Every structure is written in C-alpha cells, then in structure tokens.
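So the structure is just underneath, and the comments pick up after that.
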Amino acid sequence: MAKTELGLKPYKFQKVQLLTEKNKLMRLQRCQKLLRRTASQLWERFLFTDEKLLTVQQAHNSQNNRIWSVDAPSTSVFVEHCQHPKSVMVWGRICTSGKTRLVFVDEGIKINHKVYRRDILEAVVLSWAKKHFDNVNWMFQQDSAPAHKAKKIPEWCKAHFPDMISSAEWPPYSPDLIPMDYSVWSILAARACTKLHNSLKQSIRREWDRLKVEDLRPIAENFNKRLRLCIAAKGGHFETN
C-alpha cells in the first residue's frame, strides 16, 4: 500500500561521519582543489591507501534475516557474538590496474611514523610501485591518520615518490572519499570476517588475492565522481546512487 498508493520508497539508515559546519567547509575546499589538481591525471596512476581494524563477528540483520520453518529451529537461528572478538590491523593499497600485498600489524606494535615509513612505505609501497608503474609518473594518496601527518613522512614521500596527495591536502573526516574505505574493506569484511575460522589473517589474504583488476577499476575510478558529489553537497554527506 505504501508503495502503490502513496508512492513511498523504503530507505535504510546509514552510518556516516559526524560533520560540523567547519568540517564541511574544509571538505568542500579541499575537494575543489583536488578535483582541479587531478583533472589531467590518469586514474591508472593513482595509488590509494588506507588501514583498517578488521574484526571477526558474525554479521546479521535482526529484521530481515529470518528462517521460515514449520517447526521451531534449534541453534541454527543463533548468531554468536563475543565481547572481545579476534581482530587484526591491516594496511592495503589499490589502483585501477592492481594492488600491493597486505601488511598486517602485530598486536602490541605502536603505529608511529617510523613503523609506517619502514614497514609500509619502504618495504611495500616503494618497491611495488617502481615495478608496477615502471618509469611512468604516479600519485600516492594517504589520509590524515596521525602517523601520516608526522613531519618526516611528507618529506620522505616527496623525496621518493613522483607525486602525492598529502594529509594536509586530503579532505578531513572523509571515509566516503577513500576507495579502500567506501568499498574494499567492506568487501573483505563481508567475505572474510563474518564467520569464525582458525586464521583471520589467512582468510583476509585469501579474499584480498581474489580481488581482480576488473573489481578494482570501478572502485578507484569512483573517486572522481565522489569528489564532485561532495562538492555539490557543499562538503556535506552525499548519496552515491
């Protein structure tokens, strides 16, 4: 009745970043600058990076996930959650034409600028990019995480990478603009982290390896569209569909 007679459509609630007017203005200004700066760049040359704490916890929707049965089901309807589920911190990087290997951070390791430079930038990004992009210029992106903003990190990146979008240029409070955040991590979490298993790392690696170029290309290319949508929303939240 609601659809046919009133013309109403169902919409789901979405979790979004809390934005102040100051946040919106900064997002707007930086998106405008990024759109101008990246207008002449080829998206194949953008290397997007992000880190994520992935947790094993069975996913379910209490309203929509149901079992139809004549008899009352037993434990098959239970969704087990624990107070301290297994979790791992992981770094990943993608572009339209490929991806680096994942980097897992051992429990108890403090992520400071030294660890970030040694274990991420030097050990993975630099060597992979030289081989993948060869002599073609490419652009490195990072967000405003504390380890990224340390003074020595932009200096190191400028000395070793052809070009970069620094944390000072990146729109703050913007997981909706990071390809890893708005798409890739969700894919990995849905495939690898919703069921209990012996090795969370192994499961995440397996699903990461399954991601192909044809999966990554539209995800990375969507960045340009999202910049425009954020600008149209004056730095506020935007719909992507």
Side-chain angles (χ1 to χ4, degrees), residues 8-39 41 43 46-55 57 59 61-63 85 87 89-94 105 110-113 115-117 120-121 139-158 163-190 193 218-241:
L8 302 180
K9 298 180 180 179
Y11 293 92
K12 294 182 179 180
F13 288 99
Q14 299 182 41
K15 291 183 179 180
V16 295
Q17 178 73 46
L18 177 63
L19 296 174
T20 65
E21 291 305 313
K22 182 179 179 180
N23 298 153
K24 293 178 184 178
L25 178 59
M26 190 173 294
R27 272 167 51 98
L28 172 62
Q29 293 172 340
R30 293 192 181 182
C31 282
Q32 289 171 330
K33 290 180 180 180
L34 279 179
L35 192 62
R36 289 194 296 269
R37 180 180 174 188
T38 60
Q41 300 287 336
W43 291 108
F46 277 71
L47 184 60
F48 296 98
T49 72
D50 193 39
E51 66 278 349
K52 184 74 171 180
L53 183 67
L54 292 176
T55 302
Q57 198 76 284
N61 184 313
S62 59
Q63 294 297 320
S87 61
M89 177 64 75
V90 58
W91 258 284
R93 288 139 295 278
I94 70 164
V105 180
K110 183 178 180 181
I111 309 303
N112 54 32
H113 72 278
V115 173
Y116 178 57
R117 186 188 66 188
I120 306 297
L121 300 181
M139 183 178 288
F140 175 72
Q141 173 272 329
Q142 62 179 4
D143 61 16
S144 301
H148 305 172
K149 295 190 296 183
K151 182 180 179 180
K152 293 184 178 180
I153 294 302
E155 293 175 353
W156 188 93
C157 290
K158 289 178 181 178
D163 201 357
M164 70 174 295
I165 301 172
S166 68
S167 57
E169 299 171 290
W170 185 254
Y173 312 104
S174 300
D176 52 354
L177 294 175
I178 303 175
M180 295 295 299
D181 233 329
Y182 63 67
S183 185
V184 177
W185 293 135
S186 297
I187 293 173
L188 292 185
C193 303
I219 293 172
E221 290 180 340
N222 199 297
F223 172 66
N224 185 272
K225 174 184 176 181
R226 285 173 176 260
L227 283 179
R228 296 180 184 277
L229 288 172
C230 190
I231 292 171
K234 300 187 184 304
H237 300 301
F238 53 84
E239 294 286 342
T240 56
N241 295 329

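Every value quoted in this text rests on a predicted model; they were computed, and no experiment measured them.
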For [X], what residues pass the side chain to side chain donor-acceptor pair (under 3.5 Å) criterion, not counting sequence neighbours?
X: E21; result: K24
X: Q142; result: Y116
X: T20; result: N23
X: H113; result: none

Yes or no on side-chain contact (heavy atoms from CB on, under 4.5 Å) for V115 and K110, after CA distance, side-chain angles and deciding distance? CA-CA 8 Å; V115 173; K110 183 178 180 181; over 6 Å; no

Residues in salt bridge (Lys or Arg N to Asp or Glu O under 4.0 Å) contact with D176, at least two apart in sequence or another chain: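 For D176, the residues satisfying salt bridge (Lys or Arg N to Asp or Glu O under 4.0 Å) (neighbours in sequence not counted) are R27.
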
Who pairs with R93 by salt bridge (Lys or Arg N to Asp or Glu O under 4.0 Å), at least two apart in sequence or on another chain?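 Testing R93 for salt bridge (Lys or Arg N to Asp or Glu O under 4.0 Å), a comparison that skips the adjacent residues, returns none.
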
Show me the side-chain donor-acceptor pairs of residues 177-189 shorter than 3.5 Å, one per line, residues at least two apart or across chains.
{"residue": "Y182", "atom": "OH", "partner": "I219", "partner atom": "O", "Å": "2.6"}
{"residue": "Y182", "atom": "OH", "partner": "F223", "partner atom": "N", "Å": "3.2"}
{"residue": "W185", "atom": "NE1", "partner": "D50", "partner atom": "OD2", "Å": "2.9"}

Could you work out, with side chain to side chain contact (heavy atoms under 4.5 Å, CB included) as the rule, every residue matching [X], not counting sequence neighbours?
X: Q29; value: L25
X: K149; value: S144, S167
X: A232; value: none

Would a distance-only check, ignoring hydrogens and angles, find a side-chain to backbone donor-acceptor pair under 3.5 Å from T49 to Q141?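 Yes: the side chain of T49 pairs with the backbone of Q141.
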
Per the salt bridge (charged side-chain N to carboxylate O under 4.0 Å, His left out) rule, what does the pair list look like for residues 219-231, sequence neighbours excluded? R217-E221

